[in-house]
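Notes follow once the structure below has been shown.
Each ligand, and each atom within it, is numbered from 1 in the order the structure gives. Each residue takes its place number in the sequence, starting with 1.
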Amino acid sequence: MINFVTSNKGKHIEAQAILGDLVQKDIGYVEIQADTLEEVALYGMKEVAARLQGPVMLEDAGLFVEALQGFPGVYSAYVQKTIGNAGILRLMEGQENRLAYFKSVVAFAEPGLGTVMFSGEVHGQIGFEPRGKKGFGYDPIFYVGDESLAEMDLEKKNQISHRAGSMRALKKWLDSR
Ligand code: ITT
């Protein structure tokens, strides 16, 4: 059993489908202002590992838009809460380059072991309109091929997503110990 520290139910459901025995812990942790998801995750893990017993993991994710020089990136949670998907579409008005990617960094620790981290990415495009009701966050505006992530069921998103990549890498590592 692994404690997954996250406030995000959608993340928990997607990660659980890959890792199995996960318990969501919505206990919060300090997300520092840093240039990379790895730094945010590693710093958060120091706090979380000190507060919880046993195996624990957390994940930091972000959307990186090429035409916006990687914005919102490490600021993705704040941007989603403030200007949201409509705000990103507005920033992208008149932009021909729609390329973007999601990145996920998962950090795992247990007593007596240092933190290990794994990452995953999915590359796609920012659409011209939101589509779909599944998933969460930026899913309705992020397209892989003709479909937004919010149009895909969990199984399909979990075949291609950034989170599926990082969680599968963690699973492989856990299984090989
Ligand atoms: P935590 O408690 O785990 O930090 P969070 O939702 O704040 O939950 P992040 O900081 O990792 O998670 O996520 C940054 C933002 O990117 C946040 O607004 C998410 O909704 C969004 N996001 C992350 N993964 C996503 C995905 O698979 N699809 C769409 N949006 C995603």
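For Phe118, the side-chain contact (heavy atoms from CB on, under 4.5 Å) partners are Val106, Val116, Ala169, Leu170, Trp173, not counting sequence neighbours. With sequence neighbours excluded, no residue forms a side-chain contact (heavy atoms from CB on, under 4.5 Å) with Ala77. The side-chain contact (heavy atoms from CB on, under 4.5 Å) check on Asn8 picks up Thr6, Lys11, Phe136, with sequence neighbours excluded.
Of all heavy-atom pairs spanning Met57 and Ala15, the tightest one is CE-CB, 4.4 Å.
Protein residues lining ligand 1, listed by chain and number: Thr6, Ser7, Asn8, Lys11, Tyr29, Glu31, Glu59, Asp60, Ala61, Ser76, Ala77, Gln80, Phe102, Phe136, Gly137, Tyr138, Asp139, Lys157, His162, Arg163 [non-hydrogen atoms, distance under 4.0 Å].
To the nearest 0.5 Å, the span separating CZ on Phe64 from CZ on Phe71 amounts to 11.5 Å.
With hydrogens and angles left out, the side-chain atoms of Gln80 and Asn85 include a donor and acceptor closer than 3.5 Å.
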